[in-house]
Amino acid sequence: MREPTPEQIRDERVYRSLGLTDAEYELVVEKLGRLPNYVEAGIFGVLWSEHCSYKSSKVHLRRFPTSGPQVLQGPGENAGVVDIGDGMAVAFKMESHNHPSAVEPYQGAATGVGGILRDIFTMGARPVAFLDSLRFGPLDDGRTRYLFSEVVAGIGGYGNCVGIPTVGGEVQFSPTYRGNPLVNAMCVGILPADGIVRGTATGVGNPVFVVGARTGRDGIHGATFASAEDPEEKERSAVQVGDPFLGKLLMEACLELIASGAVVGIQDMGAAGLTSSSAEMASRAGGGLEMILDRVPVREEGMTPYEMMLSESQERMLVVLERGREHVAFAIFQRYGLEVADIGRVTDDGRLRLIWHGEVVADMPVAALVDEAPVYERPIALPSEPERVDIPASLPAREAWLAVLSHPSVADKRFVYRQYDTMVRAQTVMGPGSDAALVKVPGMDKAIAMATDGNSRYVALNPRRGGQIAVAEAVRNLATAGAKPLAITNCLNFGNPEKPEIMRQLSDAIDGMAEACKALDTPVVSGNVSLYNESRGVDIQPTPVVGAIGVIDGIAKRLQSAPTRERAAAGLDLWLLGREDDSLEGTLYGELVCGRPVGDAPYIDLAEERRLHDLLQAIAGTRAAAAAHDVTEGGVAAAVAEMMIQCGAGGEIDIPAGMSQLGWLFSEAQGRAVVAVLPEGAEDLARLAAAFAVPLRKLGRLVASEKVAVRQAGDMVVEIPLAALRDAYEHAIPMALRAGTAGASA
Amino acid sequence: MKTFDVEVRVWLKPSVFDPQGHAVEQALHTLGFDGAQNVRIGKYMHLTVTGETEAEARKSVEQMCERVLSNPVMETYAYELKETVV
Amino acid sequence: MKTFDVEVRVWLKPSVFDPQGHAVEQALHTLGFDGAQNVRIGKYMHLTVTGETEAEARKSVEQMCERVLSNPVMETYAYELKETVV
Amino acid sequence: MKWAVVVFPGSNCDEDAAQAVRETTGDVVDLVWHDATDLSEYDAIILPGGFSYGDYLRSGAIARFSPAVEAVRREAGAGKLVLGICNGFQVLTESHLLPGALLRNNHLQFRCEMVELVVDNNTSPFTRAYQLGERIQIPIAHGEGRFHADPETVEDLRKRGRIAFRYAHSPNGSVADIAGILGEGGNVLGLMPHPERAIVDWMGSVDGRRLFQSMHQYVEEGLADARANA
Ligand SMILES: Nc1ncnc2c1ncn2[C@@H]1O[C@H](COP(=O)(O)OP(=O)(O)O)[C@@H](O)[C@H]1O
Ligand SMILES: [Mg+2]
């Protein structure tokens with residue numbers, strides 16, 4: 001195959017197939033001062049893609065707060081880093097792998113996990129935990145069951161093998177994701193606060209290495225493909241296969257290399273492999289790179305420079321070493337049986353120059369590739385008013401309670417997380433099944449708290465408030481476990497940014513998230529944007545997913561999301577912290593009754609939210625508190641039921657007089673939590689709640705009984721065996737999967 | 001109705017990296033089997049199918065291969081079919 | 001030195017339960033392939049080996065199969081070998 | 001006494017095992033790379049969990065050829081204690097230091113959770129600190145833990161008291177609910193569950209402690225006897 005000439009690229013508009021618009025191509029010609037050849041046009045195409053350049057979202061992302069005393073590294077590096085005290089820090093980031101997972105769910109999810117893993121150890125951090133945030137269509141469809149089963153298997157397949165526990169995450173099911181599932185993976189690592197390594201190619205003359213796996217023809221065009229329209233229509237052989245075994249060796253080798261002190265800069269090869277890693281490393285250093293492509297270890301014969309530069313072969317890194325210390329890398333990588341090749345030099349001329357067979361095959365200004373990539377202020381539609389609807393009370397309390405608990409978004413996710421090794425490394429203090437996961441810092445009485453959240457129903461109904469809630473929910477989970485929230489990462493999964501209404505969602509959601517981050521003192525330190533999530537022209541509901549990180553000093557202070565069986569059986573009082581609310585707007589109840597999201601997003605007040613978080617941390621230190629669980633999807637009814645199911649105790653609940661029964665049970669108003677407290681702790685609790693100005697109301701009690709009763713002013717509202725609630729909650733997902741086959745790829 | 005014995009082989013398309021084959025090849029070299037090269041590992045399946053005619057059976061096997069036994073996004077398959085001798 | 005193309009098939013002994021075969025069979029039935037029965041799933045490996053003679057190559061393939069590619073505790077293997085046409 | 005934990009490429013519970021030994025016995029533990037040819041200085045050797053060589057082909061199939069496994073074979077023959085956990089168990093069966101094989105779980109999924117085990121032998125060097133028939137809580141984490149052996153082998157294991165642990169409720173379809181078995185000499189134990197994940201309170205169980213303590217006690221007594229006889 002002959003590559004098209006520069007003139008052909010121009011005249012036959014070949015650049016369009018490389019992802020450049022006519023205007024963008026003109027800009028390339030202008031920046032270059034000549035016509036780009038095929039390699040150059042391909043490189044511009046991927047680097048200026050939505051995926052690599054954030055061209056549609058960049059102007060909006062600037063509104064996120066990104067600094068604070070706890071922030072050691074904000075956005076712009078491979079991962080963000082925050083200080084957790086005592087000389088230690090945490091690196092973390094979340095990334096999407098939506099489109100690859102829609103095409104080949106096992107490998108798509110697995111390579112997503114592998115990619116985010118490399119982002120973390122690149123920072124010099126030892127990866128200690130994964131979380132995964134997943135979205136699928138309803139399980140009544142064979143293709144969805146296949147996608148769901150395979151994505152979960154793929155996440156486990158990679159994470160379990162590399163020996164990093166998957167300790168949390170979420171799965172939600174909604175018709176909006178039928179044609180476009182979401183797979184977001186987060187990785188968390190620990191490092192000394194003064195040990196951050198960056199992806200910078202500095203020091204003129206320093207050697208540049210490719211390490212890890214050989215380069216093959218995998219996933220060429222993957223990056224442009226990741227932001228292109230419909231996954232169904234795309235070229236289908238671009239599947240990349242992950243090799244977790246190699247990934248594990250690469251991680252160990254890189255951490256050893258970093259510990260040797262010989263590393264100047266290091267960056268993983270994610271989307272657009274060698275192209276984006278080299279250009280970004282040079283750009284951060286404000287310098288240039290020269291690479292001799294003949295030296296890149298390849299897996300297949302006859303690979304062209306174009307293919308080498310655009311290959312997305314997994315498990316590779318680009319490393320700049322201190323000159324004279326090359327032997328360190330050779331010794332380490334050879335011991336692990338990994339490829340290591342010296343492929344070029346750091347220069348100071350600000351250009352990315354590629355040499356092949358003794359000829360310069362590409363020569364471009366780094367600034368044009370990265371810093372001066374186009375940025376779009378895409379048109380934004382006018383804000384729309386949330387619709388006003390009356391949500392009919394057509395589903396009675398008892399049926400609604402069962403329906404909510406058996407909705408796969410709320411129901412028990414054990415089917416998912418028992419396929420993950422949640423305990424490897426033997427530091428998992430609280431794993432899946434709790435509001436936040438806690439992973440111990442080895443050798444210290446300190447744990448990192450983490451959680452992910454993001455409810456797209458709220459964002460669809462009211463993007464700004466939905467954005468606030470996404471952050472508030474994730475962060476609240478940390479506080480509920482007794483941890484101090486520190487910062488967040490995020491993945492913004494949205495539809496087609498060329499539609500003004502989608503840009504409105506994106507812009508407003510970012511505003512809401514930014515407001516919540518400020519109020520909760522959790523700056524954004526890393527993140528990822530995934531646009532063009534649409535199928536057959538229909539966009540997904542806007543889905544910002546937030547990954548929050550906190551710290552708890554003293555693991556004895558942690559709060560479980562349910563009390564132990566023994567403590568519950570001895571009798572505990574249940575208290576509601578936060579606002580009493582009986583609105584059904586934006587609730588799962590509303591969606592169940594109306595068949596779609598209805599009303600406005602639920603209530604949230606960021607100042608109240610903050611006070612609740614502070615109160616929860618204070619409560620966690622007291623002896624009387626036996627458990628805390630925040631109120632989210634499914635409202636107080638779901639929160640209380642989950643606590644009862646977990647601890648195996650029934651109990652009694654009282655609805656305050658004057659409140660709508662359904663509203664009070666199923667409202668999803670934010671800023672609330674349920675706590676289980678020893679009866680003698682009531683006074684202390686009241687004092688603390690008053691001190692933090694958080695409303696407090698006695699909800700009822702847990703008792704050693706198989707019965708659950710809800711009353712209002714003495715009248716029975718619902719009386720139900722605990723076993724009925726448990727069955728609804730625990731069997732929903734396994735039953736939905738059993739209903740059909742999950743083994744079919746079609 | 002006739003019964004047929006079917007053997008299906010499924011393997012990764014040539015451009016797709018085969019980590020398993022790669023690891024096994026390395027291991028074979030370490031064990032002194034230096035001549036072993038290009039190791040690729042796929043699936044081998046045996047099953048019986050029924051059909052009025054061989055053509056009908058073949059059609060159904062092909063459908064199975066495409067919909068269940070392989071993932072056409074990354075795999076290729078081949079099969080052999082023989083009438084079962086009872 | 002000659003080069004040979006080798007195809008190895010490895011499968012579970014009949015006495016060993018094959019859950020994967022079982023699951024695939026169920027999936028096939030759910031999709032309406034009722035005639036599919038006795039599904040068993042094993043491994044299919046392709047590799048090239050070198051040897052002075054075909055006999056030598058066969059010997060080395062047999063060693064690989066017995067020592068590495070299959071586990072006689074629960075598996076059986078078979079292979080085919082053909083000189084590579086260049 | 002001195003312990004070795006063998007590290008294969010892809011092992012990932014090596015540190016966990018070493019940490020558990022230190023925590024429960026205070027002994028010295030070395031992590032030993034798989035190319036080690038001599039392990040004679042160690043009193044006990046652990047083959048840890050993980051995915052040696054990615055578990056490609058069959059779990060443990062490639063690791064079995066490591067020089068360290070040859071050394072383990074020698075030390076096992078000399079009566080040293082060898083403990084294979086999860087992937088380590090798979091390496092031991094692949095290398096025929098233990099009978100049988102570990103196949104894909106009958107439900108085809110990886111499974112990680114706390115399970116209940118029944119102690120079926122409390123006279124071995126690994127289990128002497130447990131009660132016979134005692135029920136203990138130890139986590140599992142494996143995709144290929146279904147123990148398989150022909151009926152005669154299983155009968156033989158049973159008759160000779162070589163089944164060390166059984167699952168109270170099998171999570172994988174193992175024949176005879178086998179979770180862990182002893183080698184012929186009683187000094188080799190392979191088990192799928194992870195005792196190193198049940199060491200301190202916050203792990204949810206401390207039932208794994210006594211396994212390491214049993215080994216420690218057994219070896220220390222032997223060492224004391226040897227000193228007395230010397
Ligand atoms: N995909 C997943 N991976 C790991 N853990 C999960 C996953 N989905 C849910 N979980 C776990 O199940 C529990 C319930 O999840 P969820 O209902 O989303 O919690 P919350 O409402 O507190 O955010 C949490 O502990 C969560 O970590
Ligand atoms: Mg929660």
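Every chain is numbered from 1 and lettered A, B, ... according to where its sequence line falls, protein lines coming before strand lines.
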Show your working on salt bridge (Lys or Arg N to Asp or Glu O under 4.0 Å) between C:E80 and C:R9 and close with a plain yes or no.
CA-CA 9 Å; C:E80 273 120 55; C:R9 283 163 295 147; 2.8 Å; yes

Mind running side-chain contact (heavy atoms from CB on, under 4.5 Å) on C:M64 and C:V8 for me, showing each step along the way?
CA-CA 10 Å; C:M64 287 180 210; C:V8 179; over 6 Å; no

If you count heavy-atom pairs under 4.5 Å between each of B:M45, B:H46, B:Q63, B:M1 and chain C, which one has the most?
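Of B:M45, B:H46, B:Q63, B:M1, B:H46 has the most heavy-atom pairs under 4.5 Å with chain C.
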
Atom group of B:L28 that falls short of 4.5 Å from chain C, counting heavy atoms:
side chain

So, the side chain of B:R40 versus the backbone of B:K13: is there a donor-acceptor pair under 3.5 Å, distance only?
yes

Do side-chain atoms of B:T30 reach the backbone of B:Q26 as a donor and acceptor pair under 3.5 angstrom?
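Yes; at least one donor-acceptor contact below 3.5 Å.
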
Of the listed residues (C:T50, C:T48, C:V49, C:V6), which shares the most heavy-atom pairs with chain B below a 4.5 Å separation?
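Ranked by contacts with chain B, first place is C:T48.
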
With a 4.5 angstrom heavy-atom cut-off, which part of C:V68 approaches chain B: side chain, backbone, both or neither?
side chain

With only heavy atoms counted, which part of C:E25 is less than 4.5 Å from chain B, the side chain, the backbone, both or neither?
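When you check distances to chain B, no heavy atom of C:E25 falls under 4.5 Å.
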
Return the OH to CD distance between B:Y77 and B:E75, rounded to the nearest 0.5 Å.
12.0 Å

